[in-house]
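Note on naming: letters A, B, ... go to the chains in the order of the sequence lines (proteins, then strands), and numbering restarts at 1 for each one.
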Amino acid sequence: MKFGVIVFPGSNCDHDAFYTIGNLMKKDVTFLWHKDHSLQDVDVVIVPGGFSYGDYLRAGAIARFSPIMDEVIAFAKKGGLVWGICNGFQILTEAGLLPGVLTRNANRRFICKYINLKTDNFSTRFTHSLDKNQILNVPIAHAEGNFFASDETIKRIEDNGQVVFRYCDENGNVTQEANPNGSINNIAGIVNEQGNVLGMMPHPERCADQILRNTDGAEIFNSLVMA
Amino acid sequence: MLKANVYVTLRKSILDPQGVAVKNALKSLGHSEIQSVRIGKFIELELDEVAENEAEAKVKEYCQKLLANEVMEDFKFEIIK
């Protein structure tokens with residue numbers, strides 16, 4: 001299984017993802033430059049966190065039109081695995097690969113802290129090996145993570161089980177207090193209808209190495225590489 | 001050369017935290033009459049070699065494709081000769 005991590009001008013979690021896959025998961029991984037037109041036969045594309053193109057206009061709006069994104073869109077439509085983290089999630093919504101949009105945090109602040117995540121869908125390639133009772137402790141770092149979509153879109157993705165992760169408290173209760181950014185229904189991560197494209201605001205690549213004393217993030221990577 | 005002024009605003013149903021902060025600031029300055037503040041973007045475009053009758057469709061396309069995200073934003077524009 002080969003991974004590709006896209007590098008946009010302003011990406012800053014590309015190396016974290018690369019390190020997690022290459023050094024911790026011991027899988028083949030390559031960087032994919034935003035101006036390239038080839039995905040180099042990777043099996044999984046990671047759209048990493050950061051501030052692609054300075055987040056000018058809207059987060060993800062300009063990155064979405066990078067040459068490599070045409071390839072990512074075609075790859076995703078054929079069922080290829082695509083995983084957008086933070087800014088990557090924003091880019092995937094702008095690209096139309098995922099529904100909804102990430103708007104300004106309700107409290108107006110950039111939020112950088114650990115949050116708790118409850119997994120709601122264990123049937124995706126990204127989550128199938130997760131422990132059903134485990135609450136994942138993963139950091140977020142964003143100013144625009146407030147998931148919004150029309151009422152009918154929310155109903156559709158909820159009915160389809162497309163909500164994969166929700167912000168919760170340490171006991172797994174999905175409460176208003178545990179919602180850091182104002183996201184509808186505490187939504188922290190969703191998949192597309194086919195389940196091959198995942199977008200999430202929390203950063204599992206930042207809590208995968210033992211040296212950081214928290215490897216909750218590695219479990220999502222493990223799920224992917226287990227196949 | 002034609003110019004276009006584009007206005008992009010958050011949809012009414014979406015919380016505008018910047019607007020709320022500015023409303024509170026205006027109120028704290030004593031302007032108790034302020035009921036609501038919504039903040040948007042103003043984008044000035046200059047168009048070369050575009051006929052007047054094509055400009056409207058072109059600018060609309062820019063807005064739909066890139067300048068606004070219609071999931072959360074509305075746009076309007078005016079063409080200036």
Colleague: I'd like a table of donor-acceptor pairs (distance under 3.5 Å, sequence neighbours excluded) in which one partner is a side-chain atom from residues 45-58 of chain B, with atom names and distances.
Modeller:
| from | atom 1 | to | atom 2 | distance (Å) |
| --- | --- | --- | --- | --- |
| B:Glu52 | OE2 | B:Lys81 | NZ | 3.3 |

Colleague: How close do A:Pro204 and A:Val138 get, heavy atom to heavy atom, and via which atoms?
Modeller: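 In terms of heavy atoms, the two residues are closest at N-CG1, 3.7 Å.
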Colleague: Tell me which of these, B:Val71, B:Leu10, B:Leu15, has more heavy-atom pairs under 4.5 Å with chain A than the rest.
Modeller: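 So the answer, after comparing B:Val71, B:Leu10, B:Leu15, is B:Val71.
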Colleague: Between B:Leu66 and chain A, with a heavy-atom cut-off of 4.5 Å, which part of the residue counts as in contact: side chain, backbone, both or neither?
Modeller: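 For B:Leu66, backbone and side chain are both near chain A.
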Colleague: Can you list every pair that meets ring pair (Phe, Tyr, Trp, His ring centres under 6.0 Å) and has a residue in residues 86-107 of chain A, with sequence neighbours left out?
Modeller: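 Checked against ring pair (Phe, Tyr, Trp, His ring centres under 6.0 Å) - neighbours excluded - no pair reaches residues 86-107 of chain A.
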Colleague: Just wondering, do A:Val191 and A:Val163 contact through their side chains at under 4.5 Å, heavy atoms?
Modeller: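 The answer is no; the side chains never approach within 4.5 Å.
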Colleague: Can you tell me which of B:Val20, B:Ile43, B:Val8, B:Ile14 forms the most heavy-atom pairs within a distance under 4.5 Å of chain A?
Modeller: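 So the answer, after comparing B:Val20, B:Ile43, B:Val8, B:Ile14, is B:Ile14.
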Colleague: Are any non-hydrogen side-chain atoms of A:Ile85 and A:Val47 less than 4.5 angstrom apart?
Modeller: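 No - every pair of side-chain heavy atoms lies 4.5 Å or more apart.
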Colleague: With 3.5 Å as the limit, can you list every donor-acceptor pair between chain B and chain A, backbone and side chains included?
Modeller:
| from | atom 1 | to | atom 2 | distance (Å) |
| --- | --- | --- | --- | --- |
| B:Lys41 | NZ | A:Leu57 | O | 2.6 |
| B:Leu66 | O | A:Arg58 | NH1 | 3.0 |
| B:Leu66 | O | A:Arg58 | NH2 | 2.9 |
| B:Leu67 | O | A:Arg58 | NH1 | 3.0 |
| B:Asn69 | ND2 | A:Glu94 | OE2 | 3.1 |

Colleague: If you define the side chain from C-beta out and look only at heavy atoms, does anything of A:Leu32 sit under 4.5 Å from A:Val7?
Modeller: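 Not in contact.
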Colleague: Could I get the full list of ring-ring contact (aromatic ring centres under 6.0 Å, His included) partners for A:Phe75, not counting sequence neighbours?
Modeller: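 With sequence neighbours excluded, A:Phe75 shows a ring-ring contact (aromatic ring centres under 6.0 Å, His included) to no residue whatsoever.
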